[in-house]
Every structure is written in structure tokens, then in C-alpha cells.
Asks: 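Before we start, here is the structure in question, set down as C-alpha cells.
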Amino acid sequence: MKPRGVLLAGNWKMNHGPAAARGFFEALPWSGKEGAIMRIYPSFLALPTALDAVKTGGKKIEIGAQNFHAEKSGAFTGEVSGPMLQEIGIRQVLLGHSERRQYFAETPPLILKKTVSALQQGFEVLLCIGETLDERNGGQTLSVLTHQLESTLADPTCAAAFGKTLHLAYEPVWAIGTGVTATPTQAQETHASLRGLISRTLGQDIANAVRILYGGSVTPANFAELLACPDIDGGLVGGASLKPDSFGALWSLI
Ligand code: PEP
């Protein structure tokens with residue numbers, strides 16, 4: 001068993017409404033695995049159905065939200081707050097995804113605000129970071145990731161939550177939805193550097209406790225090799241999480 005266990009998380013993005021969500025969970029092959037967690041982040045609209053489907057099916061699958069608003073209520077048209085999510089039984093949120101950064105102009109200060117608010121409201125946060133292809137080719141991978149993480153590492157709420165209710169997903173932007181995966185060597189090097197950064201900032205014990213998931217074109221064909229790397233603690237999966245067969249095949253590799 002991996003020291004931090006394994007988290008296999010699926011990010012459905014803007015796919016699967018309630019009916020498709022129910023069909024997915026009914027068809028998904030699932031069996032308990034010691035120390036491993038399966039989690040899906042459906043759209044807001046499919047959250048109640050997903051919660052009901054896993055409960056009815058007796059499948060211990062965590063259901064999380066892809067986003068939330070940092071304020072608890074107020075004049076924020078179109079947004080969903082933490083208390084609303086908690087009311088229906090959601091305890092996990094995904095934050096900082098590159099699509100939120102790119103298409104919804106989420107900046108590091110905004111992502112920090114959401115992260116702090118989520119942690120203070122008792123959510124577990126999976127925080128995504130990652131560099132673009134130009135940044136990698138320019139040798140800037142680590143400086144970009146450090147910049148994306150530094151305010152989080154410096155914040156007292158986040159610092160106290162790292163390794164407990166705050167974990168990371170390293171998702172190179174050039175690998176998301178492209179069919180190009182980071183090689184196990186590239187991913188392991190980056191994960192080890194991130195763990196080193198956390199260790200230098202918050203100490204080795206916390207660094208050892210933080211799960212760092214890899215995300216970016218994970219499929220059943222490449223997941224085992226990635227998971228064999230010592231600093232890769234699971235996968236955040238987009239495309240291959242949409243079909244019960246492929247997500248079930250990833251789970252069977254754990
Ligand atoms: C993602 O969006 O988080 C992701 C990793 O997508 P994909 O697996 O499709 O590359």
C-alpha cells in the first residue's frame with residue numbers, strides 16, 4: 001500500500017447531467033480497497049443525484065463540488081456557496097483548476113480566498129496547480145508552481161490544513177485533455193520538487209502527509225506507471241472519468 005493511500009478523483013467538468021450521473025454510478029464497477037479513496041466531482045446540478053446514487057448502490061465514493069463561492073451568501077448571481085453545498089452533504093471541493101484560471105480569470109489571490117474560506121467552513125480542498133507548455137519549455141516549471149503555491153503556503157489557515165484537509169493536484173496544462181501525458185519521470189521529478197518545497201516551508205512531517213495527485217490525460221494505459229512513482233499519490237482524471245468502464249479500469253489498477 002502507498003504510504004499516503006491513493007486518491008482516484010474524477011473531474012466531470014461540464015459533462016453529465018443528473019440522468020447521466022445516475023447511469024454512471026449504476027454501471028460503475030466498484031469494490032472497496034484498503035487505504036484508497038474514489039471521488040467524483042460532478043456538476044452542481046448532478047450533485048444530489050450523485051450522492052443518492054452512491055448511497056443507494058452501497059458504493060463508498062466521495063462526491064465533491066468543482067467550485068464554490070468564498071462568501072457564505074449574498075448578491076452573487078449564479079454562484080453556489082459553502083453552506084448550500086454542506087446542506088446537501090458535500091464535504092470536498094476542487095479549486096484552482098487550470099480551466100477556472102484560464103476561462104474564468106481566477107487569479108492566485110482569488111483561489112487563495114476560496115481555499116481559506118473552504119477550509120474554514122470545514123471542506124477538504126484539492127488544489128490544482130500546473131504550468132503551460134511555454135513555461136515548461138522555458139525552464140520555468142518550478143518557479144511557476146512555486147508562485148501558484150506561495151501565498152497558500154504562507155497563509156496560516158492553509159499551512160495548518162496541509163496534509164490534513166488540503167491536498168494538491170499537479171496538472172501540467174499541456175497535458176490536460178490533450179492526450180499527451182507527462183512521463184512518469186517528468187511527473188515524479190515535479191512531485192518530488194513540490195514535496196521538497198512544502199518540506200522547506202512547513203516541515204518534513206507535513207510534506208510527507210500531503211497527497212499530490214497527478215492529472216493530465218491519465219488513462220488505464222498509463223496510470224499504473226505513474227502510480228508506481230513514490231511521490232504520486234493518485235490521479236485527477238478528466239476524460240477517462242466520464243465512462244464507467246475506463247474509470248473502473250483505473251480503480252482496478254490501484
Ligand atoms: C482535468 O481536467 O483535471 C484533467 C486532468 O483532464 P484529462 O484527464 O481529460 O486530461
Side-chain angles (χ1 to χ4, degrees), residues 6-16 20-21 24 28 37-44 46-47 50 61-68 92-106 108 111 114-115 118 124-136 141 144-145 148-149 166-184 186-188 190-191 194 210-227 229 231-254:
V6 174
L7 172 58
L8 176 64
N11 172 19
W12 282 356
K13 313 188 186 193
M14 200 172 68
N15 296 294
H16 288 352
F24 174 92
L28 181 71
I37 297 169
M38 183 191 279
R39 183 182 301 159
I40 296 279
Y41 298 96
S43 71
F44 284 133
L47 287 174
I61 302 169
E62 294 181 350
I63 303 297
Q66 295 173 19
N67 184 25
F68 95 127
Q92 281 92 21
V93 288
L94 183 68
L95 294 175
H97 193 280
S98 66
E99 288 153 16
R100 300 290 321 165
R101 294 176 193 261
Q102 189 181 345
Y103 303 131
F104 301 95
E106 291 201 4
I111 294 162
K114 289 186 177 200
T115 304
E124 181 180 333
V125 175
L126 184 61
L127 178 64
C128 305
I129 53 173
E131 84 287 359
T132 64
L133 190 57
D134 281 351
E135 289 162 347
R136 175 160 282 265
T141 299
V144 167
L145 298 177
Q148 288 176 352
L149 262 192
L166 177 55
H167 297 273
L168 298 178
Y170 166 57
E171 296 208 307
V173 178
W174 46 272
I176 297 179
T178 59
V180 179
T181 318
T183 64
Q186 285 173 320
Q188 167 56 27
T190 310
H191 283 227
L194 287 170
V210 177
R211 274 201 194 102
I212 309 178
L213 272 53
Y214 168 79
S217 297
V218 168
T219 68
N222 57 35
F223 189 47
E225 258 193 322
L226 289 159
L227 204 53
C229 300
D231 286 291
I232 297 182
D233 305 308
L236 178 57
V237 185
S241 72
L242 292 173
K243 294 205 172 114
D245 289 359
S246 47
F247 203 59
L250 292 173
W251 184 242
S252 73
L253 293 169
I254 294 172

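Atoms within a ligand are numbered from 1 in the order they appear, just like the ligands themselves. Computed from a predicted model, the values in this text were never measured in an experiment. For reference, positions follow the sequence shown, starting with 1.
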Asks: Quick one: look at A175 and ligand 1, take heavy-atom pairs under 4.0 Å, and tell me if it's side chain, backbone, both or neither.
Replies: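 It is the backbone that gets close, since no side chain atom is under 4.0 Å.
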Asks: Just checking E225: does its CD atom have more than 12 heavy atoms from other residues, nucleotides or ligands closer to it than 6.0 angstrom?
Replies: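 Incorrect, the count does not exceed 12.
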Asks: Show which atoms of ligand 1 fall inside a sub-4.0 Å distance from at least one heavy-atom site of G216.
Replies: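 Contacts of ligand 1 toward G216, numbered from 1: 5 (C), 10 (O).
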Asks: Under a 4.0 Å heavy-atom limit, does I176 contact ligand 1 with its side chain, its backbone, both, or neither?
Replies: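 Contact part for I176 vs ligand 1: both backbone and side chain.
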Asks: Compute whether any side-chain donor of one residue and acceptor of the other, for Y170 and E131, lie under 3.5 angstrom apart.
Replies: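 Result is yes, a qualifying pair exists.
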Asks: Could you tell me the residue and atom name of the protein heavy atom closest to atom 5 (C) of ligand 1, and the distance to it rounded to 0.1 Å?
Replies: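 Looking at atom 5 (C) of ligand 1, the protein heavy atom closest to it is E171 OE2, 3.1 Å.
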Asks: Roughly how far, to the nearest 0.5 Å, is the CG atom of L95 from the CZ atom of R101?
Replies: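 The CZ atom of R101 sits 9.5 Å away from the CG atom of L95.
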Asks: Decide whether an N or O pair under 3.5 Å exists between T178 and ligand 1.
Replies: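 Checking ligand 1 against T178, no N or O pair falls under 3.5 Å apart.
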Asks: Closest heavy-atom contact between N67 and F44?
Replies: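 Nearest heavy atoms, N67 then F44: O-CZ, 3.1 Å.
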Asks: Within this structure, what is the OG1-CD1 distance for the pair T141 and I129, rounded to the nearest 0.5 Å?
Replies: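 Reported value, rounded in 0.5 Å steps: 11.0 Å.
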Asks: Specify the protein heavy atom at minimum distance from atom 2 (O) of ligand 1: its residue, its atom name, and the distance to 0.1 Å.
Replies: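 The closest heavy atom on the protein side is K13 NZ, 2.5 Å.
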Asks: Please list, in number order, the atoms of ligand 1 under 4.0 Å from a heavy atom of G238.
Replies: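 Reading through ligand 1 atom by atom, the close ones are 4 (C), 5 (C), 6 (O), 7 (P), 8 (O), 9 (O).
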Asks: With nothing but distance in play, are any N or O atoms of A240 less than 3.5 Å from an N or O of ligand 1?
Replies: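 Between A240 and ligand 1, no N or O pair is found under 3.5 Å apart.
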Asks: Would you compute the distance between atom OG of S241 and atom CZ of F24 and round it to the nearest 0.5 angstrom?
Replies: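 S241 atom OG to F24 atom CZ measures 6.5 Å (nearest 0.5 Å).
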Asks: Can you tell me how far CD1 of I176 sits from OG1 of T132, rounded to the nearest 0.5 angstrom?
Replies: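 Separation between the atoms: 11.0 Å.
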Asks: Side-chain donor-acceptor pair under 3.5 Å between H97 and E171, yes or no?
Replies: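 There is such a pair (donor and acceptor under 3.5 Å, judged by atom type) between the side chains of H97 and E171.
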Asks: For atom 1 (C) of ligand 1, find the nearest protein heavy atom and state the residue, atom name and distance (0.1 Å precision).
Replies: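 That would be H97 NE2, 3.3 Å.
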Asks: State the atoms of ligand 1, each with its element, that fall below the 4.0 Å cut-off from a heavy-atom position in N11.
Replies: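 Reading through ligand 1 atom by atom, the close ones are 2 (O), 3 (O).
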Asks: Has ligand 1 got any nitrogen or oxygen that is less than 3.5 angstrom from a nitrogen or oxygen of G239?
Replies: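 Indeed, backbone or side chain, G239 has an N or O that close.
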Asks: Using heavy atoms and a 4.0 Å limit, tell me yes or no: is G177 in contact with ligand 1?
Replies: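 Judged by the 4.0 Å heavy-atom criterion, G177 does count as contacting ligand 1.
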